[in-house]
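Have a look at the structure below, then the notes.
Computed from heavy atoms alone, side chains included, the values below leave out hydrogens, waters and symmetry copies. Note that this is a predicted model, so its numbers are computed, not measured. Indexing begins at 1, ligand by ligand and atom by atom, following the structure's order. Numbers for residues simply follow the sequence, beginning at 1.
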Amino acid sequence: MGEHHVPLQIDENNNVTKVGHDMGGSYEIKEAVQLELFPNDIYEDCILCGEKTTTLKTTHVDFRTGYIEGAGQLCRECYMKGSSEGREHISIPKHYIKTYSNDMELGAKIRQFYYENY
Ligand SMILES: [Zn+2]
């Protein structure tokens with residue numbers, strides 16, 4: 001015996017309205033059943049443009065493309081936009097902003113932090 005295929009009639013809202021053939025026992029569905037044909041929330045959103053990416057939320061970060069550590073997932077388009085240099089970031093301690101109120105001093109501290117840590 002092969003597989004049995006049962007045709008589904010699906011309306012524009014992805015509701016299944018009918019199951020089976022017209023001839024031979026079809027079943028009209030009285031209450032709308034939401035059928036998630038293409039569930040969208042299993043994919044990451046792009047942190048830049050907000051579009052759905054093709055990266056599954058369940059994919060480990062080590063196996064992702066376009067994942068920016070400390071920031072999140074980029075879609076392919078956003079990832080390809082920047083040069084590799086444009087995608088490089090550094091993180092500075094948050095307190096630097098308040099601790100060094102003088103912009104020149106802040107700049108010097110950030111530069112120092114960069115050379116010490118990167
Ligand atoms: Zn994007």
Checklist entry - Any idea which heavy atoms bring Thr53 and Asp45 closest together, and the distance? => result CG2-C, 3.9 Å
Check: residues 107-116 side-chain donor-acceptor pairs under 3.5 Å, at least two apart:
residue: Gln112; atom: NE2; partner: Glu116; partner atom: OE2; Å: 3.0

Item to check | For Arg64, all residues meeting side chain to side chain donor-acceptor pair (under 3.5 Å), sequence neighbours excluded | outcome: Glu44, Gln73
Checklist entry - How many angstroms lie between atom SG of Cys46 and atom NZ of Lys52, to the nearest 0.5 angstrom? => result 11.5 Å
Checklist outcome for this item: Listing protein N, O or S under 2.8 Å around the Zn ion (ligand 1) gives Cys46 SG, Cys49 SG, Cys75 SG, Cys78 SG
Checklist entry - With sequence neighbours left out, which residue pairs that include part of residues 96-108 fulfil the side-chain hydrogen bond (donor to acceptor under 3.5 Å, both in side chains) condition? => result His95-Thr99
Checklist entry - Of the options Thr59, Leu56, Thr55, Thr58, which is the one that meets Tyr43 in a side chain to side chain contact (heavy atoms under 4.5 Å, CB included)? => result Leu56
